[in-house]
Number of protein chains: 2
Amino acid sequence: MEYEQPQAATILNAKIDEEVESLHDGILSKLRDFIVEGHLRPGDRVPERQLCESLGVSRTPLREALKVLAAEGLIELLPNRGARIREFTPDDVREFFEMLAGMESTAGRLACERITEAAIEQIEALHYQMYGHYMRRELPEYFRLNQLIHERIVAAAGNHALETYYHGLTARMRRLRYSANTIKRDRWGQAMREHEQILDALRRRDGRELAEILYEHLIHKWSATSEALGTAEAE
Amino acid sequence: MEYEQPQAATILNAKIDEEVESLHDGILSKLRDFIVEGHLRPGDRVPERQLCESLGVSRTPLREALKVLAAEGLIELLPNRGARIREFTPDDVREFFEMLAGMESTAGRLACERITEAAIEQIEALHYQMYGHYMRRELPEYFRLNQLIHERIVAAAGNHALETYYHGLTARMRRLRYSANTIKRDRWGQAMREHEQILDALRRRDGRELAEILYEHLIHKWSATSEALGTAEAE
DNA sequence: AGTCGATAAATTGTATGCAAAATGTCTAAC
DNA sequence: GTTAGACATTTTGCATACAATTTATCGACT
């Protein structure tokens, strides 16, 4: 057992008694963030006792949090053998992206029915801002606005259940995402063109077409990402 | 080192070789079924102590199960005030159906790429069987086969994450469903026609069209159901 | 009599303890 | 040197105990 947990301890110990937030929820968020940020490697065993000391709480609330995280699919709980950080197979990643594509597609369809003109204009503004970053090849800013636009569309769908699940998905994928903070030149151009189409369909409130474009857009993104990840994770 | 589906342990109970099912999982399934079957009314407070004695276990595993159920959205946990069976507003129902429509739509699209000819033939068989029940106006049998067909399509999508979430959704809606075991004559006919289209698109493996038809089909089903429910739940 | 407030009861949140299962180590036999 | 088995250690699963918060009951005051 020589995996570095001390790091975990220091970062996790940040602040525990900040709110009246029931200890359990605090642990849950902290652990979730911690896993999502990628500080625990997939396949790592996570002894309860060790986590307890890191977090400064007893095992009861910790175990409750672990059960929830397992239900969310972030960790897996083997009977009598404790928790492991869940390992994502390429198939898992494919499934996540397909789900994401489906979610955003559905969100787009709904957004066309419900989005306000003001919200469309805001997304337009974000789009042109993103276009600027694209022209100046400012990758991080481009990614940020890109994600923001997608989030705005999802929010405009007016479906809280969808939004919640969407954010859960993106959280689970964040660990993968940061590995792929790169984009091929030609893919970048194509992504921009797709975004133009997205905006166009949204302006026309053409739900079917927006659903279609968003689905394809996300599947393309997956192809690009999995390509980049395929080499990055085969270390 | 292979390990089996992690979600199966929590969402489904797919591991039965011995009866060593960890007490926690047993409680989880029992409670979930109990709530889904509608034995606990929405808004009911559920004292832990009472549940403990009913189930014959201590509070620790029970609380772990409650946390998971809360994460799944079946109950809500008020801080220091215990668990309540979650109440579904009409908006919640609308959101569920929209999600269901989106899920099945996505599933249909994927199924067109992956389904085997044999599976298509099985669904065809189910379809004609269902058509028989429609002609003879056998409602319960019709509903059963209807749901079976939709499940087959979802299964054919080859996306375990989608399937899991889909079943979670249908479970949450089962409590609403059984209230609406009725269908209007004209809606029934339309539903059958839509199913013909579904089968046709599936045969042609036209993913876009199947996605479109399935989405509309589910939204129509929602309109019909919410109409029936609107009177039934406005007691 | 009604309302507000204080105290008591009940209920939830957390910590600890104990038994069962799993993991690791050491020894002995081949 | 390798492997199998028994014992010790660690870790998980569950139950109970205690602390904190909420809810209920009762009495005092307007």
Side-chain angles (χ1 to χ4, degrees), chain A residues 1-3 5-6 8-9 12-13 15-31 35 40 43-71 74-86, chain B residues 1-4 6 8-10 13 15-31 35 40 43-71 74-86:
Chain A
M1 40 160 75
E2 68 279 8
Y3 39 85
Q5 210 65 4
L12 282 173
N13 266 333
K15 190 80 174 175
I16 290 176
D17 204 357
E18 52 188 14
E19 288 229 4
V20 213
E21 179 184 52
S22 69
L23 201 41
H24 159 88
D25 286 328
I27 297 170
L28 190 54
S29 319
K30 277 194 173 57
L31 272 181
I35 294 170
L40 294 170
D44 275 358
R45 286 195 56 182
V46 189
E48 292 178 4
R49 188 121 175 71
Q50 201 167 336
L51 272 181
C52 287
E53 292 180 7
S54 306
L55 292 162
V57 297
S58 81
R59 287 176 53 217
T60 309
L62 177 77
R63 283 176 57 82
E64 291 175 356
L66 288 178
K67 288 286 193 294
V68 173
L69 290 176
L74 277 168
I75 63 176
E76 46 189 342
L77 248 40
L78 299 124
N80 290 318
R81 274 189 286 167
R84 285 179 124 90
I85 306 299
R86 182 165 169 202
Chain B
M1 252 241 176
E2 287 293 294
Y3 36 82
E4 46 283 350
T10 54
N13 260 346
K15 178 69 176 187
I16 302 295
D17 197 58
E18 322 168 31
E19 300 282 322
V20 261
E21 178 185 55
S22 69
L23 199 42
H24 159 87
D25 285 328
I27 297 169
L28 190 55
S29 315
K30 274 194 178 60
L31 273 180
I35 294 170
L40 294 171
D44 275 358
R45 283 197 56 184
V46 188
E48 292 178 3
R49 190 127 179 75
Q50 191 174 326
L51 271 180
C52 287
E53 293 181 6
S54 315
L55 294 163
V57 297
S58 81
R59 286 177 54 216
T60 308
L62 178 78
R63 283 177 56 83
E64 290 174 357
L66 289 178
K67 287 287 192 296
V68 173
L69 290 176
L74 278 168
I75 64 176
E76 45 189 344
L77 250 39
L78 300 122
N80 291 317
R81 274 190 286 168
R84 282 180 127 89
I85 305 300
R86 181 162 168 205

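Below, read A as the first sequence line, B as the second, and so on, with proteins coming before strands; counting in each chain starts at 1.
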For B:Gly56 and for B:Arg45, locate the closest nucleotide of DNA chain D by heavy-atom distance; then report the residue assigned to the nucleotide nearer the 5' terminus. B:Gly56

Atom-pair distance (CZ on A:Arg59; C1' on C:dT14), nearest Å: 13 Å

First of A:Pro79 and B:Pro47 reached from the 5' end of DNA chain C, by closest nucleotide: B:Pro47

Establish, with yes or no, whether the OP1 or OP2 oxygen of C:dG13 is under 4.0 angstrom from a side-chain nitrogen or oxygen of B:Arg63. yes

Winner on side-chain proximity to B:Val57, out of D:dA15, D:dA17, D:dT21, is D:dA15

Which is it for A:Arg84 and A:Ile75 under the side chain to side chain contact (heavy atoms under 4.5 Å, CB included) test, yes or no, and what are the steps along the way? CA-CA 6 Å; A:Arg84 285 179 124 90; A:Ile75 63 176; over 6 Å; no

Write down the distance between CD (A:Glu64) and P (C:dA15), rounded to a whole number of angstrom. 11 Å

Give the intermediate values and the outcome of side chain to side chain contact (heavy atoms under 4.5 Å, CB included) for residues A:Thr60 and A:Glu64. CA-CA 6 Å; A:Thr60 309; A:Glu64 291 175 356; 4.2 Å; yes

Does B:Arg49 make a side-chain N or O approach to OP1 or OP2 of C:dA10 shorter than 4.0 Å? no

Checking D:dG13, C:dT16, C:dT12 against the side chain of A:Asn80 (C-beta onward), the nearest is D:dG13

Using OP1 and OP2 only, check whether a side-chain N or O of B:Thr60 sits under 4.0 Å from D:dC14. no

Between atom CD in A:Glu48 and atom C1' in D:dT10, what is the gap in whole Å? 12 Å

Figure out the CG/P separation between A:Leu77 and D:dT12, and round it to whole Å. 10 Å

Side-chain (A:Arg45) to main-chain (A:Arg81) donor-acceptor, under 3.5 angstrom: yes

How close or far is atom C1' of C:dT14 from atom CG of A:Leu62, stated in whole angstroms? 12 Å

For B:Gly43, does its backbone N or O pair with a side-chain atom of B:Arg86 as donor and acceptor, under 3.5 Å? no

Among the nucleotides D:dT23, C:dA21, C:dT12, which one has an atom lying closest to any side-chain atom of B:Arg81? D:dT23

Measure CG/A:Leu78 against P/C:dA22 and give the value in whole Å, please. 12 Å

Looking only at heavy atoms, which two atoms of B:Cys52 and B:Leu62 are closest? And how far apart? SG-CD2, 3.7 Å

Taking CZ from A:Arg84 and C1' from D:dT12, how many angstroms apart are they, rounded to a whole number? 14 Å

